[in-house]
Amino acid sequence: MVRKVVVANRGEIACRVLATLRRLGIPSVALYHFVDRAAPHVALADETVELTGAVPTAAYLDAAQVLAVCKDKGATAIHPGYGFLSENAAFAAAAKAAGVRFIGPSAEVMRLMGDKIRSRELAIAAGVPVSPSVTNEADAAALGFPLLVKASAGGGGKGMRIVREQSELAPALALARSEAERYFGDGRVYVERFLERPRHIEVQVLGDGKGNVVQLGARECSIQRRYQKIVEETPPARIDPAILARIIDAAMTLATKAKYENAGTVEFILAADGSFYFLEMNTRLQVEHPVTEMVAGLDLVEAQLHIAEKGELPFSQSEIRANGHSIEVRICAEEPERDFRPATGRIGLLRLPSGPGIRVESGIREGQAVTAAFDSLLMKLVTHGASRAIAAARMRTALHDLVILGVATNVDYLSRVIASEPFAAGQLHTKFVEEHEMILSPAPGIDPAARIAAALGDDEFRRSAFDVPEPYASMGAFRN
Amino acid sequence: MSFGIQLRGRRPDLAIFDGEKVRAVAEQAAENGEFSLTLDGQTVRGHRWSDAERVWVRVHGRTFAFDRRAMRTTSKADGREEVRADMPGTVVALHTSVGARVASGEPLLTLESMKLQVEVVAERAGVVAAIHVAANDTFERGASLVVIQIGNTEEGEKNEKVSP
């Protein structure tokens with residue numbers, strides 16, 4: 001029985017999980033590091049506990065402290081969100097040993113599907129197509145260049161390298177191994193063919209751990225920068241229904257074979273010729289899960305709780321209906337014009353959009369400092385409409401109305417992506433950002449209204465305009 | 001990117017030169033981070049936030065951040081305009097000399113601050129009364145760089161005897 005849930009995360013995903021717990025009347029405990037003491041997720045929980053850590057992220061990664069909180073607070077379950085402890089099999093096992101339900105797959109399933117090499121072997125055994133891949137240098141060259149070197153335990157582009165010729169292979173392998181060791185404590189890497197301009201298509205599944213699995217459709221997450229998704233949608237933008245059906249079948253086969261438990265995502269790459277390959281499985285709730293919720297009209301966190309508590313699926317495949325189209329964008333503190341470099345600052349002014357088909361998943365508040373201590377994701381905007389064009393139009397409105405001042409963000413960049421011709425035409429692939437760099441650049445020049453408003457926002461200029469008798473004042477080289 | 005904003009009149013509306021042309025500006029409201037202006041008769045609404053370093057403005061669906069420490073010129077009551085450094089930097093080049101007549105918008109000197117080059121222009125026509133720096137000089141925040149005698153007088157040199 002899920003009586004009280006510890007939410008072992010922060011930011012927008014902690015807020016997201018807490019919202020469902022509140023709606024269902026399930027008592028909640030939020031965890032936070034000192035720097036997050038005034039963060040929104042802390043205010044949404046029934047109880048809060050401060051974690052300590054040498055650095056803020058260390059606090060949220062400290063399995064022993066999280067389990068101690070569960071014991072102290074009498075919590076019966078942990079929701080890990082994404083990132084932090086969400087894909088840590090040792091943590092899932094420790095929770096189970098401590099008599100606390102981990103809302104996610106069992107440690108065994110996580111070890112099987114979370115490991116890229118083991119899950120690949122399972123995919124091959126299940127007849128699911130995988131990209132030809134090898135684990136040693138000698139065989140790698142035989143695959144043909146370009147190649148992609150990846151960390152076995154990896155994710156988020158860490159430990160990933162593109163190799164275009166033989167001479168780059170050995171140094172790339174050495175670098176990837178050391179990066180993988182540093183980030184994941186696991187230096188194993190593998191090499192596969194690198195597909196030019198592929199699409200990223202993934203399938204949301206729910207399993208009961210006994211071999212029963214349902215799918216909630218496919219998402220397209222092809223628009224990425226620095227190997228991280230920034231725009232996601234469901235259903236995929238423009239796809240041959242027969243190919244989509246085969247991808248979903250492959251995901252179902254794999255999840256069933258793995259006796260997958262709880263919510264998971266099976267990721268594929270889709271080549272221009274229609275061939276597709278299993279990429280990896282994410283054994284957790286994804287950042288982009290809301291688009292699936294919008295078209296399916298259900299709450300995936302609630303479904304996760306149901307599975308964790310009852311050991312069975314909350315609905316059958318025939319009960320799942322897809323309605324319309326949904327798009328999500330990730331609002332990040334970063335400077336798109338400077339290679340998407342993370343930005344820091346303070347949220348001085350925050351105004352959230354609202355309206356039909358607009359959903360905001362925010363983890364920030366006005367006055368909050370944005371530091372380099374955590375990931376740059378501030379919030380997500382999600383829109384829904386009867387068609388892709390309507391969902392996109394609503395996203396343009398939502399981005400237009402969103403005001404975040406005091407820290408640089410990618411809001412205007414995302415507006416240009418959504419308004420762009422190739423996006424409207426559904427011509428998506430994972431090199432979208434690089435290929436369309438020119439059309440996604442801001443229009444040159446400064447809006448005269450912005451210049452004047454800025455000058456009127458300056459105390460010295462205001463004094464000249466409204467106080468000083470001498471009617472001459474000028475502001476020099478105001479820079480943008 | 002630099003631009004000069006000048007207040008050229010205050011009645012009935014503010015007359016503001018935005019770097020390209022003079023516009024009639026009236027502030028309708030400015031509170032709680034929101035502002036409303038009329039700009040040549042058109043209503044413009046937006047959001048604005050100032051911190052120690054920047055003025056942030058969001059208008060027409062775009063956000064702009066203006067560096068408050070960038071170069072700024074001020075006018076003195078005696079009709080001389082002093083170009084002053086609001087942040088430390090280096091003089092890259094001088095484009096004028098003492099006694100030279102300068103038109104509004106004419107380049108005076110190029111500066112480099114925070115790895116960005118900025119061309120400083122004369123905000124109003126006049127005569128260069130003094131130049132306090134030379135090429136490759138470094139200067140501190142607040143340093144006076146150039147003084148211009150506003151108007152068409154040729155008195156600049158006489159009025160200001162300051163050696164570089």
Side-chain angles (χ1 to χ4, degrees), chain A residues 335 343 345-351 366 396-413 415-416 419 442-480, chain B residues 1-11 14 16-21 23 25 27 30 33-35 37 39 42 44 46-51 54-68 70-75 77 81 83-84 86 111 116 118-121 123-124 150:
Chain A
E335 297 182 72
R346 190 172 290 279
I347 310 287
L349 197 71
L350 178 63
R351 298 288 181 271
E366 241 175 42
R396 289 176 72 168
T397 302
L399 285 164
H400 182 277
D401 292 353
L402 174 61
V403 179
I404 303 175
L405 300 184
V407 65
T409 72
N410 61 347
V411 171
D412 296 355
Y413 180 82
S415 289
R416 295 192 295 273
I446 301 171
D447 190 330
R451 298 174 174 191
I452 289 167
L456 285 169
D458 184 274
D459 290 342
E460 200 166 316
F461 191 88
R462 286 193 77 82
R463 275 195 295 276
S464 310
F466 302 114
D467 302 343
V468 185
E470 170 67 34
Y472 296 111
S474 62
M475 304 214 56
F478 238 161
R479 271 201 312 262
N480 178 261
Chain B
M1 189 183 314
S2 71
F3 66 94
I5 283 274
Q6 295 171 10
L7 183 65
R8 294 221 175 138
R10 300 198 293 187
R11 280 184 211 89
L14 299 175
I16 297 179
F17 177 70
D18 70 2
E20 288 165 14
K21 61 179 197 171
R23 293 170 187 274
V25 179
E27 189 176 62
E34 288 182 48
F35 66 82
L37 304 173
L39 195 60
Q42 300 284 314
V44 178
H47 291 84
R48 180 171 57 210
W49 173 258
S50 303
D51 55 34
R54 283 171 286 196
V55 180
W56 301 77
V57 176
R58 183 162 181 79
V59 66
H60 299 141
R62 280 184 76 184
T63 295
F64 298 88
F66 299 95
D67 192 339
R68 300 181 69 156
M71 314 314 299
R72 177 181 294 166
T73 61
T74 55
S75 299
E81 186 165 272
V83 180
R84 195 181 71 210
D86 268 13
L111 307 177
L116 283 172
V118 183
E119 189 163 86
V120 179
V121 300
E123 295 298 339
R124 283 185 284 157
I150 302 303

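Protein chains get the first letters and strands the later ones, always in sequence-line order, with residue 1 at the start of each.
You'll find the side chain of B/F35 stays beyond 4.5 Å of the side chain of A/L456, heavy atoms only. Contact check for A/I452 versus B/R23: side-chain heavy atoms found under the 4.5 Å cut-off. Side-chain contact between A/I446 and B/F66 is present, with at least one heavy-atom pair separated by less than 4.5 Å.
When all heavy atoms of A/G457 and B/S50 are compared, the pair lying nearest together is O-OG, 3.6 Å. Nearest heavy-atom pair across B/W56 and A/A408 is CH2-N, 3.5 Å. Across A/L349 and B/G33, no two heavy atoms sit closer than the pair CD2-O, 3.6 Å. Of all heavy-atom pairs spanning B/V59 and A/A449, the tightest one is CG2-CB, 4.3 Å. Looking at every heavy atom in both residues, B/D18 comes nearest to A/P448 through OD2-CB, 3.3 Å. A/A465 and B/L14 get closest at one heavy-atom pair: O-CD2, 3.9 Å.
At least one donor-acceptor pair closer than 3.5 Å links the side chain of A/D412 to the backbone N or O of B/T63. Side-chain N or O atoms of B/R62 include one that pairs as donor or acceptor with a backbone N or O of A/A443 at under 3.5 Å.
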If you apply the rule side-chain contact (heavy atoms from CB on, under 4.5 Å), what do you find for B/W49 with A/V403, and how did you get there?
CA-CA 10 Å; B/W49 173 258; A/V403 179; over 6 Å; no

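Ranked by heavy-atom pairs under 4.5 Å with chain B, the list A/A450, A/S415, A/G406 is led by A/G406.
No salt bridge links B/R58 with A/D447; every basic N to acidic carboxylate O contact stays at or beyond 4.0 Å.
Atom NE2 of B/H47 and atom CG of A/D401 lie 9.0 Å apart (nearest 0.5 Å).
Using a 4.5 Å cut-off between heavy atoms, B/E27 touches chain A through its side chain atoms alone. Contact of A/R351 with chain B is made through the side chain alone, with heavy-atom distances under 4.5 Å.
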